[in-house]
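Single-structure report; data block below.
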Amino acid sequence: QVQLVESGGGSVQAGGSLRLSCAVFGHFYSSYYMGWFRQAPGKEREGVAAIFVGVGSTYYADSVKGRFTISQDNAKNTLYLQMNSLKPEDTAMYYCAADYSVRWPLIDQEYLYWGQGTQVTVSS
């Protein structure tokens, strides 16, 4: 059984930075995808960034390119999302997700395993 646990959310002023972490409990065999998604109140969940673990390919939503960086530490079994130059529109609940066979890495329906989320609030 796989469990994902996010941490690192909080409140920050616009222009600030946060680093989210997603600890992976359980075992994935060979290569697999992990992604960060977010959902703001009244909006649909959207893909933010994804990585093909074992290969290293990364994917970003246009809205975060150049500001956010996804990375993974195999030794610590942890996924990260470094968020810089944060904007008020980045305010949302952020979730990490994982799965093996993913055709579209930034589409949430592609993922089976999900964390409980961590809140990010950016004030202007």
T91 (side chain) donor-acceptor with T121 (main chain) under 3.5 angstrom: no
Would you call [X] and [Y] a side-chain contact if the rule is heavy atoms closer than 4.5 Å?
| X | Y | answer |
| --- | --- | --- |
| Q13 | V122 | no |
| Q116 | V5 | yes |
| Y94 | V48 | yes |
| R38 | Y95 | no |
| D108 | W114 | yes |
| C96 | L4 | yes |
| M34 | C22 | yes |
| Y60 | L106 | no |

Criterion ring pair (Phe, Tyr, Trp, His ring centres under 6.0 Å) against Y33, the qualifying member of F52, W104, Y111: F52
Taking all heavy atoms of [X] and all of [Y], pick out the closest pair and write down the distance.
| X | Y | result |
| --- | --- | --- |
| D99 | E110 | OD2-O, 3.4 Å |
| S71 | L79 | O-CD1, 3.3 Å |
| G9 | T118 | N-OG1, 3.1 Å |
| S124 | A14 | CA-CB, 4.3 Å |
| A92 | A40 | CB-N, 3.8 Å |
| S21 | T78 | CB-CG2, 4.1 Å |

For Q82, side chain to side chain contact (heavy atoms under 4.5 Å, CB included) partners two or more places apart: S17, R19, T69, N84
Hydrophobic cluster membership, I70 vs F37, 4.5 Å side-chain cutoff: no
Pairing residues for K65 by the salt bridge (charged side-chain N to carboxylate O under 4.0 Å, His left out) criterion, not counting sequence neighbours: D62
Derivation and outcome, side-chain contact (heavy atoms from CB on, under 4.5 Å), residues F68 and D90: CA-CA 11 Å; F68 291 11; D90 295 318; 3.9 Å; yes
Lys/Arg cation over aromatic W36: R45, 6.0 Å, 45° cone: no
Partner of Q72 under side-chain contact (heavy atoms from CB on, under 4.5 Å), chosen from V24, T58, V53: V53
